[in-house]
Amino acid sequence: MKKGLKVLISLGCLFVVGLPAFAQPSSRSIETFVIDNFDNPGNQNYLYKGENLSWDWGVTTSRFVAEGYPKSGYFDGIPNSLKQLRGTTEGESKVFGVKTAFNRKGDNWFEVYPTQDGKAYEIPFVGTVSQMDFWIWGANYNYYLEVLIRDANGTVHVLPAGSLRFQGWKNLVVNIPGWIVQHSLLRSGPENLRFVGYRIRTDAEEFVDNFLIYFDQIKYTSNSLSYIYDGYELKDADFGDDSSSDGVQEVGDK
């Protein structure tokens with residue numbers, strides 16, 4: 001009896017081992033997306049849902065800004081660490097710079113943000129974002145950098161990126177907290193997390209004249225397939241209540 005049982009178990013093991021192994025589809029697809037490297041102002045061609053998006057950059061400040069400021073523009077330059085990665089030569093790479101001055105010390109601030117047609121524009125992220133990173137040129141002032149993002153429910157969150165008390169280029173990384181809502185449950189609401197811009201705050205005791213900052217290569221890491229599911233394209237089907245009902249056959253039509 002025991003011998004027969006052993007034979008059955010052995011046969012069962014052979015059957016299981018002999019089964020072909022099937023690969024399971026992965027729900028994770030980690031990618032890095034470059035928002036802007038500033039080499040092609042106004043012509044970024046950032047791909048989102050099949051559409052190429054482009055923008056410029058604007059600056060706004062708090063009330064005590066000195067006359068004639070802020071000043072901003074694109075300049076030749078690149079962090080040394082990026083030269084080999086991009087393979088660019090002198091004069092091919094650009095950075096975005098801002099110069100500010102305020103009339104008094106205190107809680108002064110300015111914001112750097114994307115614009116389209118002269119208006120503030122928020123850049124949509126692809127997938128579920130885990131972190132952002134960017135290159136910042138610091139002037140060794142005790143100022144503080146913050147990242148502004150808008151969640152899928154419409155709330156703007158301020159994420160601290162640290163002190164700007166360093167000289168020259170530095171790569172800063174900001175993690176996106178898991179509790180921030182990145183995808184809306186409402187079909188009529190915003191679909192994804194959006195990048196609003198940067199805010200730079202002065203320390204109350206720091207000098208507020210002749211401040212410089214430069215930005216280069218803003219990018220983020222994302223699980224790009226986190227919100228893609230079988231039949232995803234059907235969520236935007238036209239049932240006739242949109243501006244056009246082409247291609248839709250109503251119930252009862254022949």
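Every value quoted in this text rests on a predicted model; they were computed, and no experiment measured them.
- Listed for the Ser130 side chain is a donor-acceptor partner under 3.5 Å among the backbone atoms of Thr221.
- Donor-acceptor pairing under 3.5 Å is recorded for the side chains of Tyr74 and Asp56.
- Distance check, rounded to the nearest 0.5 Å: CZ of Phe102 to CD of Glu206 gives 12.5 Å.
- With rounding to the nearest 0.5 Å, the separation of CG in Asn40 from CG in Asn45 is 8.0 Å.
- Looking at Ile180, Thr155, Val158, Val156 one by one, the single match for side chain to side chain contact (heavy atoms under 4.5 Å, CB included) with Ile149 turns out to be Ile180.
- No more than 12 heavy atoms of other residues, nucleotides or ligands lie within 6.0 Å of CZ in Phe207, so this atom counts as exposed by the packing criterion.
- For the side chain to side chain donor-acceptor pair (under 3.5 Å) test with Lys219, the passing option among Asn37, Thr32, Asp133, Asp36 is Asp133; the others fail.
- Although no hydrogens or angles enter the test, the distance criterion places a donor-acceptor pair under 3.5 Å between the side chain of Asp39 and the main chain of Lys94.
- Closest approach of Ala139 to Leu212, counting heavy atoms only: CB-O, 3.5 Å.
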> Can you check side chain to side chain contact (heavy atoms under 4.5 Å, CB included) on Val208 and Tyr143, steps first, answer last?
Replying inline: CA-CA 9 Å; Val208 293; Tyr143 289 10; 4.0 Å; yes
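- In this structure a side-chain-to-backbone donor-acceptor pair under 3.5 Å is present from Gln44 to Trp55.
- Nearest approach of Val126 to Tyr220, heavy atoms of both residues: N-OH, 2.9 Å.
- Taking CD of Glu122 as the reference point, atom CZ of Phe195 lies at 10.0 Å (rounded to 0.5 Å).
- A donor-acceptor pair is defined here as one N or O able to donate and one able to accept, closer than 3.5 Å; no such pair exists between the side chain of Ser163 and the backbone of Asn142.
- Counting all heavy atoms, side chain and backbone alike, Gly42 lies closest to Ser54 at O-CB, 3.4 Å.
- Here the shortest heavy-atom pairing between Val95 and Gly77 reads CG1-O, 3.3 Å.
- By the 6.0 Å contact criterion, CG on Asn140 is enclosed, its count of non-hydrogen atoms from other residues, nucleotides or ligands being greater than 12.
- Residues Leu148 and Phe134 do not share a hydrophobic cluster, clusters being chains of Ile/Leu/Val/Met/Phe/Trp/Tyr side chains in contact below 4.5 Å.
- Interatomic distance, Leu53 CG to Leu47 CG, rounded to the nearest 0.5 Å: 8.0 Å.
- The minimum heavy-atom distance between Lys99 and Asn210, with the atom names listed, is CE-OD1, 3.0 Å.
- The ring of Trp57 has its center no closer than 6.0 angstrom to the ring center of Phe215.
- Between Tyr113 and Phe110, the distance separating the two ring centers is not shorter than 6.0 angstrom.
- Taking all atoms of both residues into account, the shortest heavy-atom contact from Phe166 to Ile136 is CE1-O, 3.5 Å.
- Atom CE of Met132 sits about 11.5 Å away from atom CG of Asn175, to the nearest 0.5 Å.
- Neither Tyr144 nor Trp137 shares a network with the other; the hydrophobic side chains, linked directly or stepwise wherever heavy atoms of I, L, V, M, F, W or Y lie under 4.5 Å apart, form separate groups for each.
- By the 4.5 Å heavy-atom criterion applied to side chains, Asp216 and Ile78 are counted as neighbours.
- Trp109 and Tyr141 sit in two unconnected hydrophobic clusters of ILVMFWY residues. Membership requires side-chain heavy atoms under 4.5 Å apart, directly or through other members.
- To the nearest 0.5 Å, the span separating NE2 on His157 from CG on Leu193 amounts to 8.0 Å.
- Tyr46 is not connected to Val196 by any chain of hydrophobic side-chain contacts under 4.5 Å among Ile, Leu, Val, Met, Phe, Trp and Tyr, and they are in different clusters.
- Within the 3.5 Å criterion, the main-chain N or O of Glu31 finds no donor-acceptor partner in the side chain of Ser222.
- Although no hydrogens or angles enter the test, the distance criterion places a donor-acceptor pair under 3.5 Å between the side chain of Asp151 and the main chain of Asn153.
- By the criterion of side-chain heavy atoms lying less than 4.5 angstrom apart, applied directly or through intervening Ile, Leu, Val, Met, Phe, Trp or Tyr residues, Ile123 is grouped together with Tyr48 in one hydrophobic cluster.
- Checking each of Tyr198, Trp135, Phe96, Phe33 against Ile218 for a side chain to side chain contact (heavy atoms under 4.5 Å, CB included) leaves exactly one that passes, namely Tyr198.
- Here the side chains of Asp107 and Arg201 are in contact, with some heavy-atom distance below 4.5 Å.
- Remark: side-chain polar atoms of Gln182 are paired, donor with acceptor, to backbone N or O of Val129 under 3.5 angstrom.
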